[in-house]
Each structure stands twice: as structure tokens, then as C-alpha cells.
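Each residue takes its place number in the sequence, starting with 1.
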Amino acid sequence: MGRHGKAGMGSIVFSVFLCFSYQITVAFCLEPHLSSTRVVFQMNYGDIEFGFYPSVAPRTVEHIFKLVRLGCYNTNHFFRVDKGFVAQVADVVGERTVPMNEEQRVEAEKTVKGEFSDVKHVRGILSMGRYSDPDSASSSFSMLLGDAPHLDGQYAVFGKVTKGDDTLRKLEQLPTRREGIFVMPTERITILSTYYYDAEMESCEHERSLLRRRLAASTVEIERQRMKCFP
């Protein structure tokens with residue numbers, strides 16, 4: 001190959017590199033902002049933690065977080081586990097093992113206007129369940145177990161799983177049965193309890209705790225040195 005051929009090949013390689021870099025940059029820029037609020041579902045198979053995209057679906061996030069704060073998902077369950085597709089949390093109305101109080105029921109019976117976006121349905125994404133009415137989403141939502149591009153723009157994405165993919169994989173291995181279009185676990189997957197916290201505050205607390213331990217250790221060392229010098 002002549003000199004000009006090598007130069008041409010180099011230009012092609014460089015162009016491909018630029019294109020690839022641009023795709024990575026665009027993908028990074030399109031990642032929605034994840035708020036610092038974290039919700040944890042505790043189950044006998046392990047915990048699942050997730051966060052919210054308030055800039056993508058503000059009304060949905062506000063509604064779901066209020067349901068969590070009121071304890072509405074406690075004793076609820078995952079009624080659907082379709083391997084490679086979705087693990088879906090049941091509607092809290094009528095699906096909990098403990099009856100709801102009036103405040104919980106009022107919030108749980110509300111519906112949210114569909115907040116559809118360009119965020120892709122990939123593994124770990126949280127997506128609202130609904131009926132044919134685009135504004136019928138209530139309290140049921142799915143955790144994606146794989147990529148589902150046919151859901152893009154049709155269902156409201158409002159967050160993503162931040163910890164607990166190992167728990168989701170455990171759920172995918174459970175025995176299931178098919179009822180119509182639904183693949184359902186043969187045993188009840190109960191959400192035993194839930195809690196929430198602020199990830200940024202948690203990080204600050206950890207740093208403060210670490211600093212306090214270091215200061216305490218320094219104080220002990222200073223006192224030890226003092227005792228050596230002045231027995």
C-alpha cells in the first residue's frame with residue numbers, strides 16, 4: 001500500500017474514533033439527572049434500592065415518593081416477573097396483606113397524567129404501569145429486567161434501580177406460570193417493608209463519622225506521646 005493509501009486509512013480510523021466518541025458523549029449527556037433521594041424495598045430475597053428522575057417525570061416522582069413515605073408499598077408484592085423483561089410491582093390498592101388507612105387509600109387511588117419522555121427502557125429503569133388510557137398510571141410500576149425499546153415513549157420512566165440487581169436476578173430464577181399476557185411467580189414475592197434516605201446526607205454523615213474517628217485517634221496518640229514525655 002502506498003503512502004497516500006496509509007494516510008487515507010488513518011483518516012478513516014480517526015473519523016470512526018470521532019464518531020464513536022461523539023456517540024459516547026451524547027449517551028452520557030442524555031443520562032437524566034438522578035436525585036439524591038433513595039428508596040429501599042426490603043424482601044426476603046434481598047433489598048432493591050432505586051432513585052428518581054424528577055426532571056423527567058416530576059408529577060410521577062412526587063406521587064410515588066408520597067406513596068413510599070406513607071408506607072403504602074409495605075406488605076405489597078411483585079405480581080409479575082417476566083425474565084429478561086420486567087418485574088412489576090402490584091397496585092397497592094387491594095394487593096397488600098395489611099389493610100390501608102384512609103390517608104393511604106386517598107393517595108393510592110389517585111392517577112397521574114402520563115409523562116412520556118425520550119429516556120430508553122433498558123435494564124434497571126423504573127416505568128409506570130397503566131391501562132390503555134395514557135393518564136391511568138396509579139401505583140403499579142415495573143423494574144426493567146432487559147432492554148424493551150417497544151415501551152419507549154409509551155410508558156412513563158421515572159427512575160432507575162441503583163442497588164440490588166443481584167436481587168432482581170434472584171427473582172428472575174423463581175418458578176413462574178403464565179396467565180394470559182402475564183408471566184407471574186408461583187409464590188408471593190412480598191415487599192416486607194420500605195424506607196427512604198438521602199444519599200448525599202448519608203455520604204456526608206459517613207465523611208463526618210470518618211473525620212470524628214480520625215480526630216479521636218489523633219487525640220489518643222497525642223495523649224500517649226504526652227504521657228511518654230511527662231510520666
Side-chain angles (χ1 to χ4, degrees), residues 32-81 86-115 124-131 135-145 155-168 170-172 174 182 184-185 187-206:
H33 171 69
L34 191 69
S35 74
S36 60
T37 300
R38 296 291 182 271
V39 172
V40 180
F41 281 1
Q42 297 179 296
M43 303 175 294
N44 55 344
Y45 294 100
D47 294 353
I48 298 175
E49 178 189 287
F50 57 88
F52 296 112
Y53 292 146
S55 62
V56 174
R59 287 186 293 268
T60 303
V61 168
E62 181 181 10
H63 175 62
I64 295 297
F65 188 43
K66 186 169 184 181
L67 290 175
V68 171
R69 295 200 311 271
L70 290 174
C72 293
Y73 287 101
N74 296 340
T75 76
N76 195 33
H77 68 119
F78 284 80
F79 83 94
R80 181 183 188 184
V81 179
V86 297
Q88 188 168 355
V89 178
D91 192 317
V92 297
V93 178
E95 294 294 334
R96 295 170 19 128
T97 54
V98 174
M100 305 183 79
N101 61 40
E102 186 59 26
E103 186 180 13
Q104 290 172 328
R105 183 171 294 280
V106 167
E107 188 64 29
E109 289 179 346
K110 292 180 181 178
T111 56
V112 186
K113 184 177 176 61
E115 296 179 296
I125 281 293
L126 306 183
S127 179
M128 288 299 289
R130 64 173 177 83
Y131 297 105
D135 300 330
S136 61
S138 182
S139 60
S140 177
F141 65 89
S142 295
M143 299 179 180
L144 271 290
L145 301 176
Y155 294 84
V157 170
F158 67 95
K160 72 173 184 179
V161 173
T162 50
K163 292 180 184 177
D165 190 66
D166 53 336
T167 302
L168 289 177
K170 288 179 185 177
L171 300 188
E172 287 185 277
L174 296 177
F182 297 120
M184 309 168 73
E187 61 181 84
R188 183 180 176 90
I189 303 173
T190 301
I191 300 168
L192 302 172
S193 62
T194 64
Y195 67 91
Y196 59 93
Y197 70 96
D198 188 293
E200 290 181 356
M201 291 299 294
E202 189 82 1
S203 176
C204 289
E205 279 300 320
H206 173 73

To the nearest 0.5 Å, what is the distance between OG1 on Thr194 and CG on Asn76?
10.0 Å
Is a salt bridge present between Lys110 and Glu107, judged by a nitrogen-to-oxygen distance below 4.0 Å?
yes
Nearest non-hydrogen partners of Phe78 and Pro185, listed with the distance
O-CG, 3.8 Å
Minimum heavy-atom distance between Val93 and Glu109, given as atom pair plus value
CG2-CG, 4.1 Å
How many angstroms lie between atom CG of Asp198 and atom OG of Ser35, to the nearest 0.5 angstrom?
8.0 Å
So which heavy atom on Leu168 is nearest to which on Ala87, and how close?
CD2-CB, 4.4 Å
Residues 40-49, side-chain donor-acceptor partners within the protein, below 3.5 Å, at least two apart:
residue: Gln42; atom: OE1; partner: Ser193; partner atom: OG; Å: 2.5
residue: Tyr45; atom: OH; partner: Glu187; partner atom: OE2; Å: 2.3
residue: Glu49; atom: OE1; partner: Tyr197; partner atom: OH; Å: 2.7
residue: Glu49; atom: OE2; partner: Thr162; partner atom: OG1; Å: 2.7

Quick one, Leu126 with Met143, criterion side chain to side chain contact (heavy atoms under 4.5 Å, CB included). Give me CA distance, side-chain angles, the key distance, then yes/no.
CA-CA 5 Å; Leu126 306 183; Met143 299 179 180; 3.6 Å; yes
Side chain to side chain, Ile191 and Val89, heavy atoms closer than 4.5 Å:
yes
Could you measure the distance from the CZ atom of Arg38 to the CE atom of Met201? Nearest 0.5 Å is fine.
14.5 Å
Looking at CG of Leu70 and CZ of Arg105, how far apart are the two atoms once the value is rounded to the nearest 0.5 Å?
13.0 Å
Could you grab the distance from atom CG of Leu145 to atom CD of Glu172, nearest 0.5 Å is fine?
4.5 Å
Donor-acceptor contact present, side-chain His63 to main-chain Thr111, <3.5 Å
no
Minimum heavy-atom separation for Ala108 and Val92, please, with both atom names.
CB-CG2, 3.5 Å
With Phe158 as partner, the option from Tyr53, Phe141, Phe50 fulfilling ring-ring contact (aromatic ring centres under 6.0 Å, His included) is Phe141
Using side-chain heavy atoms (C-beta onward) and a distance below 4.5 Å, is Ile64 in contact with Met128?
yes
What are the two closest heavy atoms between Asn101 and Gln104, and how far apart are they?
OD1-N, 2.7 Å
Taking all heavy atoms of Val56 and all of Pro32, pick out the closest pair and write down the distance.
CG2-CB, 3.6 Å
Tell me the salt bridge (charged side-chain N to carboxylate O under 4.0 Å, His left out) pairs involving residues 89-99, sequence neighbours left out?
none
Between CG of Asp166 and CG of Leu171, what distance do you get to the nearest 0.5 Å?
10.0 Å
Note, Tyr155 side chain near Ser142 side chain (heavy atom, < 4.5 Å):
no
